[in-house]
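Numbered from 1 within each chain, the chains take letters A, B, ... in sequence-line order.
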Amino acid sequence: MGIGLVQEGGALTVYLKGDIDHHSARSIMLGLDRELVARSPRRLAVDMGEVSFMDSSGLAVVLRGLRRMEEVGGEIALCRVPDQAKKVFAAAGLDKLISIT
Amino acid sequence: MIPILNQATLLFPSKSSNEAFARTTAACFAAQLDPTLDEIGDIKTAVSEAVTNVIVHAYPTDLGVVTLRLRILEGRLFEVMVRDKGVGIADVHRAREPLYTTGDDSRSGMGFTIMESFMDYLRVRSAPGKGTTVTMRKRIAPRPGAGK
Ligand SMILES: Nc1ncnc2c1ncn2[C@@H]1O[C@H](COP(=O)(O)OP(=O)(O)OP(=O)(O)O)[C@@H](O)[C@H]1O
Ligand SMILES: [Mg+2]
């Protein structure tokens, strides 16, 4: 499990990969927090194209990102979200709070 | 009682590294019903939720034993039971409500809601101080033309 990054001006893209579960979520959350503090982007895109599995532990990671971005008046969007993760977001109603494509 | 066609039971310690082991094992066992990728995803997700709950909530400080019992029941039913002898749940009805959590900010209180929406049946039996048993079932749709 790792997190990759590309920054263009105020827009930061974070690339997540592998399984996002309770076992891996803590380090992803800390990594994301660290980058948001260091880079203070206005727009955060989370690219989930390489995510192989996600459960409710991933919801907390994304909600944390949403809160952090809201605090600074920024935006967050999820892209290339696999079907399995999409279903988890939908079951939790997160698709109504965040753009998920 | 629905006739049991096959079953397997596993015991393992409540280590977070066993979350992936539990959900993939459940999916492998269910494979004999020839599920779609979508159905496999549903099973993996629901099992991950139930096992994570044991690791996070049932045994918050020490390791305990997780029991994972997998069954194939007549009528193309996949059944999974996840049992612990941990702290238990005082009010199961409340625990099953969306957003209810006793966890920290790394939990969002959606586990039971996800289990319920991804499976066809969810039963939670619990006694404070004794432990919790979660049983879930999912009917795997027959696939015309696939296998026998
Ligand atoms: N096996 C268990 N033993 C003891 N308590 C449990 C168990 N499973 C669930 N609970 C209790 O039920 C609550 C709700 O569980 P649920 O899975 O819905 O949400 P969560 O685990 O708190 O958050 P999330 O699953 O979204 O990360 C938990 O916060 C916990 O208090
Ligand atoms: Mg949970």
K.L.:
Does any part of the side chain of A/Arg64, heavy atoms only, come nearer than 4.5 Å to the side chain of B/Ser106, both counted from C-beta?
P.N.:
no

K.L.:
Please report the shortest heavy-atom distance between A/His23 and B/Ser17, naming the atom on each side.
P.N.:
ND1-N, 3.5 Å

K.L.:
Should A/Phe53 and B/Ile114 be counted in the same cluster of Ile, Leu, Val, Met, Phe, Trp and Tyr side chains packed under 4.5 Å apart?
P.N.:
no

K.L.:
Considering residues, nucleotides and ligands other than A/Arg43, do more than 12 of their heavy atoms fall under 6.0 Å from its CZ?
P.N.:
no

K.L.:
Which heavy atom of B/Ser108 sits nearest a heavy atom of A/Ser56, and at what distance?
P.N.:
OG-O, 4.0 Å

K.L.:
Within residues 1-15 of chain B, which residues come under 4.5 Å of chain A, heavy atom to heavy atom?
P.N.:
none

K.L.:
When you group the ILVMFWY residues by side-chain heavy-atom contacts below 4.5 Å and let the links chain together, are A/Leu44 and A/Leu59 in the same group?
P.N.:
yes

K.L.:
State yes or no: do B/Val65 and B/Val87 share one hydrophobic cluster built from I, L, V, M, F, W and Y residues joined by side-chain heavy-atom distances below 4.5 Å, directly or via other members?
P.N.:
no

K.L.:
For the CG atom of B/Asp105 and the CG atom of A/Leu63, what is their distance to the nearest 0.5 Å?
P.N.:
10.5 Å

K.L.:
Within a 6.0 Å radius of atom CD on A/Glu8, are there more than 12 heavy atoms belonging to other residues, nucleotides or ligands?
P.N.:
no

K.L.:
Should the heavy atoms of other residues, nucleotides or ligands under 6.0 Å from CZ of A/Arg26 be counted, would the total exceed 12?
P.N.:
no

K.L.:
Taking non-hydrogen atoms and a cut-off under 4.5 angstrom, which of residues 87-101 of chain A neighbour chain B?
P.N.:
A/Lys87, A/Val88, A/Ala91, A/Ala92

K.L.:
Counting heavy atoms not belonging to B/Lys85, are there more than 12 under 6.0 Å from its NZ?
P.N.:
no

K.L.:
Return the CD to OG distance between B/Glu19 and A/Ser57, rounded to the nearest 0.5 Å.
P.N.:
6.5 Å

K.L.:
In terms of hydrophobic clustering (I, L, V, M, F, W, Y; side-chain heavy atoms under 4.5 Å; direct or indirect links), are B/Met81 and B/Leu73 co-clustered?
P.N.:
no

K.L.:
In terms of hydrophobic clustering (I, L, V, M, F, W, Y; side-chain heavy atoms under 4.5 Å; direct or indirect links), are B/Phe21 and B/Met136 co-clustered?
P.N.:
yes

K.L.:
Please collect all ring pair (Phe, Tyr, Trp, His ring centres under 6.0 Å) contacts where either partner lies in residues 85-141 of chain B, sequence neighbours excluded, each pair once.
P.N.:
none

K.L.:
Heavy-atom count around B/Arg83 CZ within 6.0 Å, excluding the residue itself: above 12?
P.N.:
no

K.L.:
Taking it one step at a time, do A/Asp19 and B/Arg23 satisfy side-chain contact (heavy atoms from CB on, under 4.5 Å)?
P.N.:
CA-CA 11 Å; A/Asp19 285 10; B/Arg23 64 177 176 262; 2.7 Å; yes

K.L.:
Is A/Asp83 in contact with chain B via its backbone, its side chain, both, or neither, using a 4.5 Å heavy-atom distance?
P.N.:
neither

K.L.:
Please list, in residue-number order, every residue in residues 38-59 of chain B that has a heavy atom less than 4.5 Å from any heavy atom of chain A; write 'none' if there are none.
P.N.:
B/Asp38, B/Gly41, B/Asp42, B/Lys44, B/Thr45, B/Ser48, B/Glu49, B/Thr52, B/Ile55, B/Val56

